[in-house]
Number of protein chains: 2
Amino acid sequence: MENKVMSIGVVRELTGLTERQIRYYEQRKLIFPERTKGGNRRYSFEDVNKLIYIHQKMQEGFNTVELREPPKPRRRGCAPA
Amino acid sequence: MENKVMSIGVVRELTGLTERQIRYYEQRKLIFPERTKGGNRRYSFEDVNKLIYIHQKMQEGFNTVELREPPKPRRRGCAPA
DNA sequence: CGTGTAAGGAATTCTGACACG
DNA sequence: CGTGTAAGGAATTCTGACACG
């Protein structure tokens, strides 16, 4: 179910998080909801699971950066010897 | 996915139907979305599939009554001899 | 019967900011 | 850093009605 079909209100109910938290985790690049033409967010069930996982880890002491998805393997710096 | 999570707008996109049709099929007892506290409809993926099926049958000539789910087997009238 | 539409209101969501720590 | 909140606006959805056929 990677179909982006849920509004933030439904996600709020499903995850138990606040809209503030949900939007913040998006701002921190932890989730990537789609947008309607009007600008409203649309989430998938995967997003919901991810949010639950994220919040659990947060309570265990992780911060948003540590929970970020494995970034694209860009190679930079580390000049060769 | 019998989880009622989609707003009518998403259902409109997924089915290709108009909101008018979607609401009308509900009025005719063909689908049964839930409601938010505020009164907004929430549909499941099952509802979406059902709507697509319904509309297809409609175009084949069926009417809303004929497409109604098998009604509860209530017994009435038909006085015994 | 099944569907389109204009009308007015209400629920939902959005952004940017101030706050705290 | 992560989250709460009040503020104002905009997108979304709701109902009941008129229309056509």
Can you pull out the residues from residues 56-65 of chain B that lie within a 4.0 Å heavy-atom distance of DNA chain C? B/M58, B/N63, B/T64
Salt bridge (Lys or Arg N to Asp or Glu O under 4.0 Å) against A/K50, all qualifying residues, sequence neighbours excluded: none
Mind listing the closest non-hydrogen atom pair of A/L14 and A/F45 along with its distance? CD2-CE2, 4.2 Å
Specify the separation, in whole Å, of atom CD1 of B/I54 and atom P of C/dG2. 11 Å
Would you jot down, in residue-number order, the residues of residues 5-14 of chain A having a non-hydrogen atom under 4.0 Å from DNA chain C? A/S7, A/I8, A/G9, A/R12
Scan residues 17-42 of chain A against DNA chain C and write down, sorted by residue number, each residue with any heavy atom closer than 4.0 Å; if none is found, say none. A/E19, A/R20, A/R23, A/R35, A/G39, A/N40, A/R41
Output a table of donor-acceptor pairs, distance under 3.5 Å, between side-chain atoms of residues 22-31 of chain A and any protein atom two or more places apart or on a different chain; print 'none' if there are none.
from, atom 1, to, atom 2, distance (Å)
A/R23, NH2, A/E19, OE1, 2.9
A/E26, OE1, A/R41, NH1, 2.8
A/R28, NE, A/T64, OG1, 3.1

For B/F62, the side chain to side chain contact (heavy atoms under 4.5 Å, CB included) test, sequence neighbours excluded, returns B/K57, B/E60, B/E66, B/L67
Just jot down the side chain to side chain donor-acceptor pair (under 3.5 Å) partners of A/T15, sequence neighbours excluded, or say none. none
Would the distance check show the side chain of B/Q21 and the main-chain N or O of B/T18 forming a donor-acceptor pair, the cut-off being under 3.5 Å? yes
Mind checking what makes side chain to side chain contact (heavy atoms under 4.5 Å, CB included) contact with A/N49, not counting sequence neighbours? none
What residues from residues 45-53 of chain B pass a heavy-atom cutoff of under 4.0 Å to DNA chain D? none
What pattern of brackets, bars and dots sums up DNA chain D from 5' to 3', given Watson-Crick or G-U wobble pairs under 3.5 Å, [ ] for crossing pairs and | for another strand? .||||.||.|.|.||.||||.
Please check: side-chain N/O of B/N63 versus main-chain N/O of B/V65, any donor-acceptor pairing under 3.5 Å? yes
Side chain to side chain donor-acceptor pair (under 3.5 Å) involving A/R42 - partner list, sequence neighbours excluded: none
Can you list the residues that meet the side chain to side chain contact (heavy atoms under 4.5 Å, CB included) rule with A/Q59, with sequence neighbours excluded? A/H55
